[in-house]
Each structure stands twice: as C-alpha cells, then as structure tokens.
*Asks:* 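I'd like to ask you about the structure that follows.
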Amino acid sequence: MLVLYNTAKRAKEPFVPADPRNVGLYVCGPTVYDAPHVGNARPVVVFDLLFRLLRRTYGEAHVTYVRNITDVDDKINAAAKERNVAIGVITAETARIYDEDTKALGALPPTREPRATEHIAEMIAMIAALIAKGHAYAADGHVLFDVPSMPAYGQLSRRNRDEMIAGARVEVAPYKRDPADFVLWKPSTPDLPGWDSPWGRGRPGWHIECSAMSRKYLGVTFDIHGGGRDLIFPHHENEVAQSTCTHGGAPLARYWVHNGFLTVNGEKMSKSLGNFVTIRDALKAHPGEVIRLVLMSAHYRQPLDWSEDVLRQATAMLDRLYTALAHLGDTAKAEDDTLAAPVMTALEDDMNTPEALAALMELAGRANRATNAPEKALVRAGLEAAGAALGLLGRDPKAWRQGDGDRDAGAIEAQIAARLAARKRKDFAAADRIRDALKVQGIELEDGPTGTTWRRARS
RNA sequence: GGCCGGGUGGCGGAGUGGCUACGCAGAGGACUGCAAAUCCUUGUACACCGGUUCGAUUCCGGUCCCGGCCUCCA
C-alpha cells in the first residue's frame with residue numbers, strides 16, 4: 001500500500017487512485033531558458049521514482065506521467081535578446097540539454113511532454129471560460145484572475161488574501177482590481193512572441209499552461225500533482241484557482257506532492273543566488289548514477305545539501321553494491337524476488353529512500369556472504385528488483401568497476417599475468433612492483449579465490 | 001512583518017515513548033606472502049530549558065539557531 005504525504009492535507013495518506021486503470025501524474029517541468037542545475041534534477045529523480053512505483057503497482061499501461069515544457073516565458077525572451085538569437089533556438093537547445101541530462105540521471109521519459117506553445121488555443125479557451133463564469137476580467141490588454149471571486153482561494157498554501165496583501169513586496173499593477181489578482185494573459189509588443197486572442201495579440205501568464213495541459217492529457221481531476229515546494233505558492237495555488245473555477249468546483253488534483261530543496265552550504269541552490277552546478281557540469285565529474293543516488297540519499301521532503309562529500313559517499317555506496325553484484329558472478333537470478341520486499345516497503349512509505357537504501361545495502365552484505373548458488377540466485381533477484389524500483393544498478397558490474405572505455409584492458413591483463421608469474425616463483429617484490437605501478441595509474445587489483453580482478457579507483 | 005519547515009554520533013541520514021537503522025570515515029580481529037576486496041566485532045548521538053510519564057531523542061510548552069515561501073524559482 002503506497003502512502004504519500006499530501007501537501008493539501010499536511011499529512012500522510014494512503015494513495016488510492018480514482019481509477020486504477022488510469023492513474024495520472026502531472027509534474028511541473030522546466031522553463032527552457034538555461035541549462036538545468038542539480039537542484040532542478042531533484043524533482044526529476046523524485047518523481048521518476050514515484051512514476052516507477054506507480055507503474056509497478058498499477059501496470060505500465062495504466063499510468064500516465066505528464067511533465068510539461070514551458071517554452072514561452074519572459075526569461076526565455078530575455079535570454080534570446082541577450083544572446084541575440086531567435087527564441088526557438090534557446091528553447092530547442094535547452095530542451096535538448098534537459099532531455100539528455102535527465103536521461104543521464106536514469107529517469108524514464110514521461111508519458112507525455114507537452115509544450116506550452118502548442119497549447120495556446122486550450123489556454124485561450126480556458127481563459128474565456130473563466131471570464132464567462134465571472135472569475136476573470138480583461139483590463140488594459142491583460143486578462144486577470146479575479147481572486148475575490150473564489151472564496152476558497154489559498155487553501156493549498158494555507159494563506160489568506162489579507163496576509164498576502166500585507167506581506168506583498170511588489171507594487172500592485174494599476175490594472176488589478178484586487179492586489180491578489182494574477183495574470184492569465186498579457187499583451188505582447190511586436191518584438192515578443194504573441195498569439196491572437198479575443199483580448200488582442202498577447203501571451204499567456206505563467207500558471208495557465210499547466211491548468212490547460214493537465215486538463216487536456218489527464219482530465220479535469222487527476223490523481224497526483226507534483227513539483228518543488230517553492231511552487232506551492234503562487235504557482236500551484238493559482239493552478240487550483242484556474243482549474244476549479246473553470247470546472248465548476250471539481251478539484252484539480254487529489255494528492256499534492258512537493259519535494260524539498262537542494263541546498264549548498266545550507267542555502268537553496270538557485271539561479272538567482274548563483275550557487276548552482278549544472279547537471280551537465282556535475283556529469284563531467286561523476287556518473288549519472290552517482291548523482292541520482294545523492295538525490296535519493298535524503299528523504300524527498302527534506303533539504304539535501306550538495307557537496308563533494310555526499311558525492312564521495314554515494315560513489316562508495318555504488319562501489320559496494322556493484323562489488324556485491326560482481327561477487328554473485330554469473331549466477332542467474334531466481335524467480336522469487338521477495339528479498340526486495342524491505343526496499344519496496346520503504347519506498348511505499350512516502351518514498352522513504354534512505355530506508356530503502358539501507359535495505360539495499362543489507363542485501364549487498366547478504367550477497368557478499370552468500371556461498372551457495374540457490375542463495376546467490378535469490379539475492380540477485382532481490383538486488384535486481386530493488387535496483388529497478390530505485391532506478392539503480394542497471395549497469396554491468398564489470399563496466400561500473402572498470403569503466404566503459406576498456407582501451408587499456410589488454411595491457412592491464414598482461415600486467416596481471418606477469419604479476420601472477422612472479423607470485424608463482426615467490427618473487428613478491430616483483431609482484432608488488434607491478435601492483436604498485438598499476439595503482440599509480442588508478443588500477444586496483446583484488447586477488448580472489450578464482451583469480452585476480454581489477455577495477456578503476458574512483459575519487 | 002505573515003506563513004512554513006528543520007536542528008540526530010567525526011560526516012551523510014532514517015526512525016522510535018523503553019530494546020540506540022544504514023552508509024562513509026575510525027579502531028580491533030579473520031582472510032592474504034603482503035595488500036585490496038570481503039566477513040566479524042566496535043564507539044560517547046539525538047540544540048537548550050521546563051512539563052507530562054515508571055521511563056522522552058521521540059509527546060506538550062517555551063528559548064536559541066538555521067533554512068524556505070510571501071517576487072522569477074524545482
């Protein structure tokens with residue numbers, strides 16, 4: 001039984017889909033104006049984990065995961081202007097990088113990745129419906145959502161209108177009837193992207209795309225809406241307002257799941273603070289699997305501090321796991337994967353990845369202790385099932401330990417053979433010289449009962 | 001100012017009203033020609049002050065500190 005912490009209730013709840021044959025998950029995706037950083041990777045990994053969990057429970061064909069791509073936004077316009085290239089160049093390039101980076105982190109592609117610019121008509125229709133129902137109004141070329149028209153506004157983020165107005169740090173635009181009103185549509189000057197609409201040529205506000213696209217691909221009410229916790233307000237609150245008012249009060253999402261931040265020295269990693277590392281740069285120094293494991297090393301709702309030390313620790317954990325797999329040799333896995341159960345149970349408890357990883361490490365210990373084939377087969381089945389649930393351990397242990405570029409393998413094997421010969425004639429000094437020479441090159445030797453194996457040391 | 005989170009051993013990080021996960025690092029032992037890998041053993045932890053309780057790290061109240069949202073933000 002999957003249990004999730006529902007932000008709307010501020011409590012853990014059993015997850016029961018409205019229709020188990022058609023489970024819907026919507027996650028706010030990237031605004032494609034700049035290469036994503038590791039903080040942006042956190043929800044990618046967290047919701048990939050949830051996607052895997054749902055698919056495992058309800059069947060791959062019965063889960064729809066939608067993650068949008070926001071390709072119309074003022075930051076994109078600014079980036080295009082700054083680099084003096086067309087907007088389409090920026091969005092295409094950034095979307096490509098995002099795709100490559102998320103793939104490198106072992107994230108499955110979502111079922112759908114709709115783009116905002118391809119759903120302008122749906123947004124216009126929704127805005128028109130909101131105006132018709134008295135929840136929005138046109139003013140000065142803009143269309144605004146009329147917050148006072150919705151008494152329940154603020155439930156998700158648990159803040160009321162008065163507090164927001166009192167705490168507002170921004171000047172209220174003159175065309176707003178109420179300070180809390182937010183933009184659904186805004187006018188575009190000729191140099192900016194724009195679409196014809198009943199309110200003139202313009203472009204959508206920030207929140208409306210998610211309301212329009214989730215409706216189109218998942219329906220009026222769907223199961224889970226996810227994103228970073230910084231989206232709770234205003235983005236998700238406003239999505240709720242737009243969608244429920246368009247749909248006569250039908251709720252937007254039944255469960256809301258929000259991930260905590262990645263921090264650096266305790267502070268949120270963000271573009272504006274400048275304390276970010278792009279996924280791309282992180283991948284230059286570490287395998288994607290290491291980064292993925294780091295992002296799972298803390299519970300998803302907790303802050304997670306990004307540092308060299310956590311990367312080192314995640315690398316050590318993967319070394320241990322892949323060494324354990326190697327220890328199982330070529331024993332085929334058993335049919336029975338019940339040994340993965342503790343990992344699954346931990347994941348079903350609001351995606352408790354630290355506990356799941358602890359259980360996984362215990363399986364590694366068991367693999368190392370296993371002496372007979374039936375037990376090895378059982379442990380392998382457990383490790384593989386648990387690895388698949390976590391999106392880890394998909395590589396060949398030998399490839400992990402020795403690296404993909406095997407260009408030196410022949411030379412290394414030759415050195416190992418020479419050392420073996422030296423050991424046979426008890427010339428340990430010569431044998432150790434060979435081992436030390438390899439070590440300088442980052443090659444570590446391990447003598448086992450079935451011979452000597454080697455691996456590349458990782459920092 | 002308003003609203004939210006969080007403070008766990010050298011480090012990362014779960015969890016629990018009483019039996020102190022897991023990993024990394026450290027120590028001792030086994031194995032090894034010596035190592036490495038592996039196995040076994042091992043350590044003083046729960047911000048502070050009160051309260052409830054037979055008993056609190058875990059519940060309640062307060063204090064201090066850190067972070068987040070209220071503006072673009074995963």
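Each chain gets a letter, A, B and so on, in the order its sequence line appears, and its residues count up from 1.
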*Asks:* Taking the nucleotide of RNA chain B with the nearest heavy atom to each, does A/Pro354 or A/Glu444 sit closer to the 5' end?
*Replies:* A/Pro354
*Asks:* By nearest atom, which of the nucleotides B/rA25, B/rA14, B/rG23 is closest to the A/Arg312 side chain?
*Replies:* B/rA25
*Asks:* What nucleotide among B/rA14, B/rA35, B/rC70 has an atom nearest to a side-chain atom of A/Phe233?
*Replies:* B/rC70
*Asks:* Heavy atoms from C-beta onward define the side chain here; which of B/rG2, B/rU38, B/rA74 lies closest to that of A/Thr323?
*Replies:* B/rU38
*Asks:* Is A/Asn368 close enough to B/rA37 that one of its side-chain N or O atoms is under 4.0 Å from OP1 or OP2 there?
*Replies:* no
*Asks:* Among side-chain atoms of A/Thr70 and A/Glu209, is any donor-acceptor pair under 3.5 angstrom?
*Replies:* yes
*Asks:* Residues two or more places apart in sequence or in another chain: which of them pass salt bridge (Lys or Arg N to Asp or Glu O under 4.0 Å) with A/Lys103?
*Replies:* A/Asp99
*Asks:* So, does A/Lys268 get its side chain near the phosphate of B/rC69, meaning an N or O under 4.0 Å from OP1 or OP2?
*Replies:* yes
*Asks:* From B/rC22, B/rG33, B/rA14, pick the nucleotide closest to the side chain of A/His299?
*Replies:* B/rA14
*Asks:* Dot-bracket for RNA chain B, 5' to 3', counting Watson-Crick or G-U wobble pairs under 3.5 Å, with [ ] for crossing pairs and | for inter-strand pairs?
*Replies:* (((((((..(((.....[...))).(((((.......)))))....(((((..]....))))))))))))....
*Asks:* Which of these nucleotides, B/rG68, B/rG6, B/rC24, is closest to any side-chain atom of A/Gln302?
*Replies:* B/rG6
*Asks:* Please tell me which of the listed nucleotides, B/rU38, B/rA36, B/rG68, lies nearest to the side chain of A/Glu446?
*Replies:* B/rA36
*Asks:* Between A/His258 and A/His236, do the side chains contain an N or O donor and an N or O acceptor separated by less than 3.5 Å?
*Replies:* yes
*Asks:* Tell me whether the rings of A/Trp256 and A/His225 are parallel (<30°), tilted (30 to 60°) or perpendicular (>60°).
*Replies:* parallel
*Asks:* Can you tell me which nucleotide in B/rC70, B/rG23, B/rC39 comes closest to the side chain of A/Met317?
*Replies:* B/rG23
*Asks:* So, OP1 or OP2 of B/rC39: does either fall under 4.0 Å of a side-chain N or O from A/Arg320?
*Replies:* yes
*Asks:* Have A/Asn352 and A/Tyr300 got a donor and an acceptor in their side chains that come within less than 3.5 Å?
*Replies:* no
*Asks:* For the residue pair A/Tyr322 and A/Trp400, does the interplanar ring angle fall in the parallel (under 30°), tilted (30 to 60°) or perpendicular (over 60°) class?
*Replies:* parallel
*Asks:* Kindly assign one of parallel, tilted or perpendicular to the pair A/Tyr175 and A/His142, based on the angle between their ring planes and the thresholds 30° and 60°.
*Replies:* parallel
*Asks:* Which nucleotide wins on minimum distance to the side chain of A/Gln313, given the candidates B/rA74, B/rC70, B/rC24?
*Replies:* B/rC24
*Asks:* Using a 4.0 Å heavy-atom cut-off across all strands, classify A/Gly39 as base, sugar-phosphate, or nothing.
*Replies:* base
*Asks:* Looking only at the side chain of A/Ala358 (C-beta and beyond, no hydrogens), which of the listed nucleotides B/rC70, B/rA21, B/rA14 gets closest?
*Replies:* B/rA21
*Asks:* The side chain of A/Ala298 is closest to which nucleotide in this list: B/rC39, B/rC72, B/rA14?
*Replies:* B/rA14
